[in-house]
Amino acid sequence: MRHVIIGNSIAAIKAVEAIRSVDRKAPITIIADEHGPAYSRCLLPDYLAGTRSEADLSIRSRDFYRQMGVELVLGRAVTKVVPADREVELAGGLRYGYDRLLIATGSSTFMPPIPGLGGNGVFGLRSLGDAKAIQSALPGARRAVVVGAGLVGLEAAYALYRRGLEVTVVEKMPQILPQQFDRRAAHILRQDMETEGIRFILGCGIQEVAGPSLWSRVMGKAGQGVFLEGGERLKAELVVVATGAVPNVGLVQDTGIKVNRGIVVDRFMQTSIPGIYAAGDVAETRDAVTGLYGLSPIWPNAAAQGRIAGLNMAGVQREYSSMVGMQNAVEFREVPAIAVGIVNTPGDDYEVFADYRPDKNYYRKLVMKNDVLVGMILVGDIRSAGVLSGLIKKKANVRTFKHLLRRPDFGYGHLLVKLA
Amino acid sequence: MQRIMLHLDRCNGCLTCTLACAAAHSKSGHIIGAMMEGVQSRIHIQSVKGKAVPVLCRHCEEPACVDACMAGAMQKNPVTGIVTNDGNEQSCVGCWMCIMACPYGVIVQSKDGTVAVKCDGCKDREIPACVEACHTRALEYMDVDEFAAVKRQETAYQLAKPAV
Ligand SMILES: Cc1cc2nc3c(=O)[nH]c(=O)nc-3n(C[C@H](O)[C@H](O)[C@H](O)COP(=O)(O)OP(=O)(O)OC[C@H]3O[C@@H](n4cnc5c(N)ncnc54)[C@H](O)[C@@H]3O)c2cc1C
């Protein structure tokens with residue numbers, strides 16, 4: 001059984017470990033377009049801020065690939081999958097044959113159609129290469145504009161701030177973290193960052209990124225920056241675009257593999273073509289809370305999906321139990337915050353408990369539907385996050401202990417006694 | 001491989017296990033020193049309607065905290081089965097993803113808010129400090145298979161258990 005894995009990040013690594021946990025011998029080849037060993041994208045903001053070295057971004061030990069007996073093909077992109085021949089093709093035409101294939105190609109920065117985005121001084125933050133490019137643009141840069149106040153945007157903003165830049169975050173929606181948190185939690189987190197000196201312009205999009213020539217033509221003096229929709233102009237030597245990510249599905253185009261936004265997989269992480277699996281940011285799975293198919297582009301889910309894909313590739317039938325697609329933990333300055341599941345209620349058939357104390361940087365919100373916990377936000381005190389998110393994932397009926405969930409110290413002990 | 005089994009009915013809430021845990025994880029190695037150093041216990045006693053309830057790590061077979069760890073710091077040792085973010089090649093960054101992921105809520109922030117702190121199974125001791133200190137035998141060190149057999153009967157454990 002010959003395994004080929006496209007990608008060399010967390011989903012791929014977990015698949016390798018899973019395959020090796022049941023099969024010491026089968027050949028495994030990893031093909032990835034990045035050059036180095038697997039690293040954590042999530043730590044790139046720390047690298048950018050200068051608080052973590054490149055070596056400390058690795059997620060496995062140096063001799064991981066040797067120990068696992070993995071053949072590595074790095075710095076090479078797969079351009080297409082050829083299911084009819086059970087082969088993948090690299091740029092240049094070289095082909096690799098497989099019996100089982102895992103597509104774990106992740107996602108790329110989405111560049112919105114804004115004029116000037118392709119110019120100098122404009123970056124995404126997705127790969128080590130991106131982070132290095134931003135770093136080499138730091139000398140001489142005094143001001144930065146970050147487009148998009150999602151998780152990556154805010155992390156980038158904080159990293160650049162720690163580098164001593166004056167940072168402005170511009171967000172189209174009226175709040176920061178619009179996909180993860182509600183308005184109140186966003187308010188607390190924004191204030192925490194504003195106290196530090198990071199500036200926010202909310203409810204406003206970018207019209208154009210102006211390079212030096214356009215800037216001097218319009219403004220009559222040297223500089224560069226962005227023009228906002230409202231007409232305001234922000235001078236900035238550095239622009240980071242963080243308005244989302246798109247799954248890397250180009251290599252399966254016209255193969256017959258079913259793709260929505262990502263590659264659709266079944267309960268065994270298998271695509272619509274037998275023998276071909278997908279996992280991580282590139283895959284579409286069923287969400288534990290909503291029951292709907294969709295992307296779940298977060299680290300823990302990529303890890304779990306990679307593991308399940310690997311087991312199935314190695315012949316051990318294991319179902320993916322569905323994870324919560326939306327679950328995030330953040331701490332930009334000093335207020336920890338966690339959001340899981342449905343936090344902005346789409347209708348009135350939800351029961352909401354909220355304890356909001358912005359002066360104390362404290363917020364606890366629980367969202368229930370038919371006595372099942374479907375979402376939560378914890379700001380300031382995150383002690384019960386794990387037990388609550390476990391209940392969300394399990395769709396547990398909480399009717400008999402609902403009142404206990406409100407306590408900041410609600411924990412597994414309460415469950416143990418209640419259910420004994 | 002061995003695990004710590006909790007016999008809830010035997011616990012009288014004396015907190016000796018928490019002191020022993022802190023001592024075992026202190027530089028000085030004793031309780032007074034642990035208090036001066038401000039060392040946290042990794043086993044937690046919750047008070048539920050006046051009843052003391054120890055909450056401790058299960059060192060799960062497929063730990064949600066390991067999947068969630070974006071630094072690669074949280075690992076399950078394939079030989080001992082111990083799950084820890086301490087003493088591995090990669091270091092904890094304090095992102096709190098493991099706190100969000102652990103359905104037993106046994107991982108906490110360090111006092112200075114920089115790293116996640118959890119039970120490391122007292123990997124350098126023969127018997128974990130908390131078990132050794134427990135006078136009422138509420139904590140018992142037992143073989144992992146026996147442990148699993150008992151746990152299968154426990155409603156709360158099954159409810160919380162990571163599903164993937
Ligand atoms: C700045 C930043 C911060 C983040 N913070 C968090 C966080 O706090 N919490 C969280 O849960 N998630 C976070 N994420 C998201 C998290 O990093 C991803 O969910 C995770 O990395 C997905 O892993 P993956 O294995 O699916 O793919 P990726 O990590 O995207 O890796 C894809 C791999 O595929 C390779 N590849 C792609 N296309 C090809 C091709 N055609 N041929 C060959 N190789 C190819 C790449 O080289 C790479 O090795 C963050 C992401 C970023 C960028």
Side-chain angles (χ1 to χ4, degrees), chain A residues 10 13-14 21 38 40-43 46 52 56-62 288 298-305 307-308 318 320-323 327-331 334 336-338 340 382-391 393-394 396 404 409-420, chain B residues 6 8-9 11 44-58 62-76 78 88-91 93-109 113-114 116 154-164:
Chain A
I10 186 64
I13 295 295
K14 284 283 181 174
S21 72
S40 178
R41 267 165 234 296
C42 314
L43 301 181
D46 294 337
R52 212 168 168 94
D56 285 341
L57 300 180
S58 311
I59 51 172
R60 290 295 180 272
S61 64
R62 273 180 166 279
I298 56 170
W299 187 271
N301 296 6
Q305 291 171 14
R307 185 152 49 74
I308 298 298
R318 273 290 298 277
Y320 176 65
S321 73
S322 283
M323 308 264 291
Q327 43 170 337
N328 284 286
V330 301
E331 180 178 84
E334 59 181 23
I338 290 177
V340 178
I382 58 170
R383 273 178 292 171
S384 8
V387 180
L388 291 173
S389 67
L391 293 173
K393 197 174 155 203
K394 282 285 181 80
L404 290 173
D409 69 343
F410 170 75
Y412 184 64
H414 293 104
L415 281 188
L416 256 185
V417 171
K418 203 72 208 171
L419 303 175
Chain B
L6 165 68
L8 185 54
D9 49 323
C11 175
H44 312 280
I45 309 294
Q46 274 201 308
S47 167
V48 181
K49 287 195 188 140
K51 167 86 187 104
V53 186
V55 176
L56 60 156
C57 175
R58 266 63 188 180
E62 294 187 324
C65 59
V66 172
D67 275 349
C69 182
M70 55 156 85
M74 191 73 79
Q75 294 286 345
K76 183 176 177 72
N88 298 324
E89 194 161 331
Q90 281 73 27
S91 60
V93 292
C95 72
W96 320 136
M97 297 283 281
C98 56
I99 295 182
M100 176 176 80
C102 173
Y104 304 108
V106 298
I107 312 177
V108 297
Q109 296 173 275
T114 56
E154 215 176 86
T155 325
Y157 181 79
Q158 289 305 327
L159 176 67
K161 193 177 156 215
V164 165

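The sequence lines fix the lettering, A, B, ..., with proteins before strands; numbering per chain opens at 1.
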Per-residue contact mode, [X] against chain B (heavy atom under 4.5 angstrom):
X	result
A/Gln327	both
A/Ser58	both
A/Ile10	neither
A/Arg52	side chain
A/Ser384	neither

Output the option from [options] having the highest count of non-hydrogen pairs under 4.5 Å with chain A.
options	result
B/Gly105, B/Cys102, B/Ala101	B/Cys102
B/Asn88, B/Val93, B/Ile107	B/Val93
B/Ala64, B/Ala68, B/Cys95	B/Ala68

*Taking the side chain from B/Trp96 and the backbone from A/Val330, do they hold a donor-acceptor pair closer than 3.5 Å?*
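Checked: no pair found.
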_Main chain of A/Asp409, side chain of B/Gln46: is a donor-acceptor contact present, judged purely on distance under 3.5 Å?_
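Side chain of B/Gln46 to backbone of A/Asp409: a pair is present.
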Counting heavy-atom pairs closer than 4.5 Å to chain B, which one of [options] comes out on top?
options	answer
A/Ile382, A/Val417, A/Leu415	A/Ile382
A/Ser389, A/Cys42, A/Ala288, A/Gly390	A/Cys42
A/Asp56, A/Asn328, A/Asp46	A/Asn328

In the structure I gave you, are the side-chain heavy atoms of [X] and [Y] within less than 4.5 Å of one another anywhere?
X	Y	result
A/Ser321	A/Lys393	yes
B/Pro54	B/Leu8	yes
B/Tyr104	A/Leu416	no
B/Cys11	B/Lys51	yes

*Could you pull out the closest heavy-atom pair between A/Ala329 and A/Ile338, with the gap in Å?*
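The pair with the smallest heavy-atom distance is CB-CG1, 3.7 Å.
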*Minimum heavy-atom separation for A/Arg307 to A/Lys14, with atom names?*
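Nearest heavy atoms, A/Arg307 then A/Lys14: N-CB, 3.7 Å.
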Considering only heavy atoms, which portion of [X] lies under 4.5 Å from any heavy atom of chain A: side chain, backbone, both, or neither?
X	value
B/Leu6	side chain
B/Val106	neither
B/Val55	side chain
B/Cys65	neither

